[in-house]
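Some notes on the structure that comes next.
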Amino acid sequence: MPHYDPATIEAKWQAAWDEDGTFIAREDPARPKYYVLEMFPYPSGRIHIGHVRNYTMGDVIARFKACTGFNVLHPMGFDAFGMPAENAAMASGGHPKTWTYDNIDTMVAQMKPLGFSLDWTRMFATCDPEYYGQQQALFLDFLEKGLVYRKNAVVNWDPVDMTVLANEQVIDGKGWRSGAEVERRELTQWFFKISDFSEDLLDALDTLDDWPAKVRLMQENWIGKSRGLRMSWSLTAPVHGFDAIDVYTTRPDTLMGASFLGLSPDHPLARALEADNPEMAEALAAMRKGGTTEEALEKAEKLGFDTGLKVRHPLNPDWEIPVWVANFILMDYGTGAIFACPAHDQRDLDFCRKYDLPVIDTFLSAENPQPVTTEAFVPPKTEPVRWVNHFAGLDIATGQEAIDATIAYMEDRDLGTGVTQFRLRDWGLSRQRYWGCPIPVVHCDACGVVPEKKENLPVTLPDDVSFDIPGNPLDRHPTWRDVPCPACGKPAKRETDTMDTFVDSSWYFARFTAPRAETPTDPDAAAYWMNVDQYIGGIEHAILHLLYSRFFARAMHITGHLPAKSREPFDALFTQGMVTHAIYKTTDAQGRPVYHYPEEVELRDGKGFLADGTEVEIVPSAKMSKSKNNVVDPVAIIEKYGADTARWFVLSDSPPERDVEWTAAGAEGAYKHLGRVWSLSDRIAQMDPAAPGDGDDDLLRAMHKTIFDVTGGIESFGFNAAIARLYAFTNTLAKSKASHAAQRSAIMTLAQLMAPMTPHLAEDIWVRQGGEGLLARAPWPVADEAMLIEDTITLPIQINGKRKSEIEVARDASKEDVEKIALSDDAVVKALAGGQPRKLIVVPGRIVNVVI
RNA sequence: GCCCGAGUGGCGGAAUUGGUAGACGCAGCGGAUUCAAAAUCCGCCGCCGCAAGGCUUGCCGGUUCGAGUCCGGCCUCGGGUACCA
């Protein structure tokens, strides 16, 4: 008897699909289309188990939809620009382009044996000039429609390496290579006007019914719509042309608790003042140290500088309040100036305690009225509180009521304006780096910023660059940088910043509909294939990538590159969990972290050691990340057991939305199971067709139940539960004594139901049982509803809510009959001891509860 | 700091969304087969207890005839935090 030999089977069926062109997507108006997309990978070097899991999920959906009558588009590409390529070039002297394309070749070679139903003819990498040239065309169209502009923004500046750092490259406020304290520095940069769409991006979340609620909630919070008050605080004496300071607040109800007026260190007034005040300049320089992330700003120790200026309280001109500069105030949000109310904001309170500024309660807890000491009192805006300091004479009212009342009061007296504000900021896309899409503009002394002509696109990256010194090689590449002005022809300079890699991934899904078109999209192809019916990717992209893509889809509609229906490009979203793995860490002489690969670490008694005996720190369950060296390579699994085992295993072991900690155990079990199914098929094929059988009806009922459960499981992303049903049905079939006809029907159906997960094995069983054509194209089995209904059911009996017994009743037994049977049950009779139940609850078809 | 999740046997997890907690798999234990082993097949397998029985879904409290599921308060872990992708 031949044995299960995945190496042979898998190669054979992959060749058969290739020859048939099974997965090549062609527009066909006669058939409904289905576009399945998994977030495309960064070409980090080798695929890891997370990729296998992610793409297998998409493949299950793609294969399932193809068998249920859809014309499926299932493409793959690479998100190929980004920092790791430059870091690799710096570390080993190669070129980012070589590194990237070599990695892509390796990863494609690793992915193909997995047998994904991908249309490889549509593949591209975002670093292909063909792709990024079209992205430059999009940029120019956006520019023309006013969707892109320039303004100043802060970056992390490494004063030793003289270069801009990514947030990731700032560790504890220091540059990752130089170790120097990072400074915040302003540069003129390009921005997409995503804020024009704040309201729309927020409102449209309600239409995304097939997105996870948590993602919509995260986006809602990120966009952060708030209603507040904008008002002016007049200075007691004008300075540097300022006679007042504009402030925005979402808590105008706390106006009477104002303690000081705070300016961002980047506020124009702060900058004007420090110019002729060395002491202040020094203090502000200290405040500008450290990274630019929100987390760093929020967690940094509160620093302040008293400007000596005073403003008058808008409601009481005699009340003078000091003006301070404070490091926790963001220039990007509101007006870059706040009034601080320490009693009801923890940051303000920490600041006031440190600098000995007054703390004034405006309201107290209704039940427990205590003045604020070390903890700010910040109840939900919907909770009623007792007002002790409010101009409108409120007593008990909620924060929201007080806010509304305050805004009305201030507007009536012309002291301020109620405004709606969004937290969402414009998207800064400039990066001072080489390995990205060049921004297609030229800076001319005479003409200013001049867009490159479309016929000159793509503006390609030069190949002759070096990475031996920090900074952007484009900046120091005269023959690339120095060009004639496209408008006047005089000497000018190219923009040397490149685009954020999020730009690349914000429209690739549209490009896949016509990957070789000579415009960014092809209208007919986009109209047919868009939208993405099912998008699958990691929860780590819940905010930025998805929000940026939603913006891009809108902007591409405005510029005529996508139809109106694609303003929301992803109809359904599934966020799979991450594959996690411990990180093994030591520190070098400078105290910087060094990460070790799992294969370098020997585990003993829960501790890890390197070959030389050094103990490593183990950080459990961390996201697999190239830079942390905790990536698990699936290639060994595929080589040992085959692709079907790898696919089956990554789906079977945990629910797809949950993180999974990778362990090697278990793959063996999956492999054994597939071998069992293969042998079972072989045994059935050798049965005597004429021999009598027993239990055909039971087997066929189990089969239809399995069809029903597995179909539902796949449709609802319950892959692990669907696989559990397939295990159970395999066990049933293995024990069955049914006739050959029934068993053949059962094994062929089993093969079909397994096909989305283990397509090669399934095709092989299909053809050995005499199935016609490719299983990949065979119609999906449909459960016969009549076979799903059982005649009798088992009802559990609870006594006082605890299960004590169970009864068999007819499926359609009346409530009265069930009560009668339940009350005559031994356990119930015993528990009642002759008495009457206090209450008898019968939930038909579910449960009986006897309350005594 | 702030926003969003997750927590169930030795392990991964299931539970028709308020109705039998532990499906299915892994590991383990026992048996069959074998000269022996591997492979395969059969059975057992939450915890305490000799048993009767009791306990059990991170912790504390609540709602309910009934809570893994709903509500309130904590703890731990993970994701995001706008230049990692």
Side-chain angles (χ1 to χ4, degrees), chain A residues 39 41-42 44 79 81-84 155-156 164-170 212-215 217-222 224 291-300 328 332 346-347 423-433 500-502 504-505 538-545 547-548 575 577-578 580 620-623 625-627 649 652-655 657-661 663 665-670 672-673 675-676 679 709 712 718 720-721 723-728 731 734 794-798 800-806 837-841 843 845-851:
Chain A
M39 291 179 185
Y42 179 79
S44 54
D79 187 15
F81 276 135
M83 293 198 311
V155 294
N156 300 305
V164 176
L165 297 179
N167 287 334
E168 185 187 53
Q169 297 170 322
V170 178
K214 63 180 168 187
V215 174
L217 185 57
M218 279 190 260
Q219 293 219 349
E220 185 184 325
N221 290 338
W222 186 263
T292 58
T293 66
E294 190 186 330
E295 186 191 2
L297 297 173
E298 286 277 352
K299 283 175 139 175
F328 62 92
D332 291 324
Q346 191 62 45
R347 291 168 305 182
R423 203 184 81 100
L424 180 65
R425 311 198 294 256
D426 278 332
W427 169 13
L429 68 117
S430 301
R431 296 292 180 271
Q432 296 71 41
R433 273 182 265 288
D500 179 8
T501 56
F502 271 123
D504 312 335
S505 55
I539 187 67
E540 67 270 27
H541 295 294
I543 296 175
L544 293 180
H545 162 60
L547 193 62
Y548 290 158
T575 52
M578 283 173 300
T580 61
S621 296
K623 174 172 97 161
S625 158
K626 175 80 176 155
S627 60
F649 176 62
S652 69
D653 231 31
S654 75
E657 69 278 8
R658 192 126 25 125
D659 289 353
V660 56
E661 173 93 16
T663 64
E668 179 80 26
K672 281 185 193 170
H673 178 74
R676 225 164 10 237
S679 309
D709 289 347
N720 56 328
I723 283 179
R725 298 291 307 129
L726 289 167
Y727 267 109
N731 291 340
T794 306
L795 280 189
I797 309 251
Q798 293 183 334
N800 291 338
K802 290 198 186 283
R803 198 195 78 95
K804 294 291 177 184
S805 181
E806 59 185 33
R838 281 207 296 134
K839 206 168 177 182
L840 186 60
I841 290 147
V843 184
R846 285 258 189 268
I847 206 163
V848 178
N849 191 7
V850 185
V851 185

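Chain naming here is simple, since letters A, B, ... match the order of the sequence lines and numbering starts at 1 in each. It should be emphasised that the depicted structure is a prediction, and the values quoted were computed from it without experimental measurement. All heavy atoms count here, side chains included; hydrogens, waters and symmetry mates do not.
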Identify the heavy atoms of [X] and [Y] that sit nearest to each other, and give their distance.
X      : Y      : result
A/P837 : A/V850 : CB-CG1, 3.7 Å
A/D709 : A/R725 : OD2-NE, 2.7 Å
A/Q219 : A/I543 : NE2-O, 3.6 Å
A/V155 : A/V164 : CB-CG1, 3.8 Å
A/T575 : A/P212 : OG1-CG, 3.9 Å
A/R803 : A/P796 : CG-CB, 4.2 Å

I want to verify a distance call: between [options], whose nearest atom is closest to the [X] side chain?
X      : options                : answer
A/R846 : B/rG19, B/rU20, B/rC83 : B/rG19
A/A724 : B/rA23, B/rC84, B/rG80 : B/rA23
A/V164 : B/rU20, B/rC83, B/rG13 : B/rC83
A/R658 : B/rA85, B/rA14, B/rG19 : B/rA14
A/I841 : B/rG13, B/rC24, B/rG19 : B/rG19
A/E806 : B/rU20, B/rG80, B/rG25 : B/rU20

Looking at [N], which nucleotide sits across from it as a Watson-Crick or G-U wobble partner, both distances under 3.5 angstrom, or is there none?
N      : result
B/rG19 : B/rC65
B/rG30 : B/rC42
B/rC74 : B/rG58
B/rC24 : B/rG12
B/rC2  : B/rG80

For the pair made of [atom1] in [X] and [atom2] in [N], what is the distance, rounded to whole Å?
X      : N      : atom1 : atom2 : value
A/F81  : B/rC84 : CZ    : P     : 17 Å
A/R676 : B/rC42 : CZ    : C1'   : 13 Å
A/K802 : B/rU20 : NZ    : P     : 14 Å
A/Y548 : B/rC83 : OH    : C1'   : 10 Å
A/N800 : B/rU20 : CG    : P     : 17 Å
A/N731 : B/rC42 : CG    : C1'   : 13 Å
A/L726 : B/rA14 : CG    : P     : 16 Å
A/H541 : B/rA85 : NE2   : P     : 10 Å

Contact class for [X] vs. all strands (heavy atom < 4.0 Å): base, sugar-phosphate, or nothing?
X      : answer
A/V843 : base
A/P41  : nothing
A/S652 : nothing
A/H545 : nothing
A/G428 : sugar-phosphate
A/F328 : nothing
A/S430 : base
A/V848 : nothing
A/L297 : nothing
A/V850 : nothing

Take atom [atom1] in [N] and the same atom in [M], then report the distance between them in whole Å.
N      : M      : atom1 : answer
B/rC44 : B/rC26 : P     : 15 Å
B/rG9  : B/rG5  : P     : 23 Å
B/rC84 : B/rA6  : C1'   : 24 Å
B/rC4  : B/rG53 : P     : 48 Å
B/rG28 : B/rU16 : C1'   : 32 Å
B/rU40 : B/rG22 : P     : 28 Å

Please determine whether any donor N or O and acceptor N or O are separated by less than 3.5 Å between the side chain of A/Q432 and the base of B/rC83. yes
Considering only heavy atoms and no angle criterion, is a donor-acceptor pair shorter than 3.5 Å present between the side chain of A/N167 and the base of B/rC83? no
How far does CG of A/N800 sit from CG of A/N849, to the nearest 0.5 angstrom?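 Here the interatomic distance stands at 7.0 Å.
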Atom CG in A/N156, atom CG in A/N167: separation rounded to 0.5 Å? 5.0 Å
For a quick test of reading the model: is some side-chain N or O of A/T501 closer than 4.0 Å to OP1 or OP2 of B/rA85? yes
side-chain N/O A/K804 vs B/rG53 OP1/OP2, d < 4.0 Å: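 Indeed not, no polar side-chain atom of A/K804 lies that close.
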4.5 Å side-chain heavy-atom contact, A/D500 and A/W427: yes
Answer syn or anti for B/rG9, where the cut-off is 90° from 0 on the glycosidic torsion.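 Syn conformation for B/rG9.
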Where does B/rU17 fall, syn or anti, if syn means a chi angle no more than 90° from 0?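 That one's syn.
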Can we say A/R423 and A/E294 salt-bridge, meaning some charged N sits less than 4.0 Å from an Asp/Glu carboxylate O?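 Counted as a salt bridge, because a side-chain N and a carboxylate O are separated by less than 4.0 Å.
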Pairs under 3.5 angstrom, nitrogen or oxygen only, protein versus nucleotides 1-5 of chain B, please.
| unit_1 | atom_1 | unit_2 | atom_2 | d |
| --- | --- | --- | --- | --- |
| B/rG1 | N2 | A/E294 | OE2 | 3.0 |
| B/rC3 | O3' | A/N221 | ND2 | 2.8 |
| B/rC3 | O2' | A/N221 | ND2 | 2.8 |

Measure the acute angle between the ring planes of A/Y548 and A/F502, then classify it against the limits of 30° and 60° as parallel, tilted or perpendicular. perpendicular
Using heavy-atom distances to pick each residue's nearest nucleotide on RNA chain B, tell me which of A/R803 and A/N849 is more 5'.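 By nearest-heavy-atom nucleotide position, the 5'-most residue is A/R803.
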